Amino acid sequence: MTVLLRGLRWVRWYVRELTGESAYERYVAHVRRDHPTASVPPRRDFERMLTDRQESDPRQGFRCC
């Protein structure tokens with residue numbers, strides 16, 4: 001049972017990393033650790049900022065639609 005749970009946790013971690021789901025959590029941890037007086041933007045604002053950065057820099061990837 002322990003091996004099964006470990007495997008499921010790994011799959012969950014992998015999918016979250018692959019889809020970018022954990023990026024916001026890492027960002028929040030970074031802001032709280034390195035900039036404790038700064039306010040943490042809501043998830044929606046973070047995703048908008050990320051999308052804007054990706055669209056403005058061709059090295060970050062692009063969206064066709």
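Because the structure is predicted, anything quoted here is derived from the model rather than measured.
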ask   = Listed by chain and number, what are the side chain to side chain contact (heavy atoms under 4.5 Å, CB included) partners of Ser56, not counting sequence neighbours?
value = none
query = Does Asp52 have any salt bridge (Lys or Arg N to Asp or Glu O under 4.0 Å) partners at least two apart in sequence or in another chain, and if so, which?
reply = Arg48
key: Contacts of Arg16 that satisfy salt bridge (Lys or Arg N to Asp or Glu O under 4.0 Å) - sequence neighbours left out   = Glu25
query = Quick one: CE on Met49 to CD on Glu47, what's the gap to the nearest 0.5 Å?
reply = 10.5 Å
key: Minimum heavy-atom distance Ser39-Val31, with the two atoms named   = O-CG1, 4.5 Å
task = May I ask you to list the residues sharing a hydrophobic cluster with Tyr14, side-chain cutoff 4.5 Å, ordered by chain and number?
result = Trp10, Val11, Trp13, Val15, Leu18
query = How many angstroms lie between atom CZ of Phe46 and atom OH of Tyr24, to the nearest 0.5 angstrom?
reply = 8.5 Å
message = Just checking Arg6: does its CZ atom have more than 12 heavy atoms from other residues, nucleotides or ligands closer to it than 6.0 angstrom?
response = no
Sole residue of His35, Arg32, His30 in side-chain contact (heavy atoms from CB on, under 4.5 Å) with Val40 = Arg32
query = Mind checking what makes salt bridge (Lys or Arg N to Asp or Glu O under 4.0 Å) contact with Arg26, not counting sequence neighbours?
reply = Glu17
task = Could you list who else is in Met1's hydrophobic cluster, with ILVMFWY side chains joined at under 4.5 Å, directly or through other members?
result = Leu4, Leu8
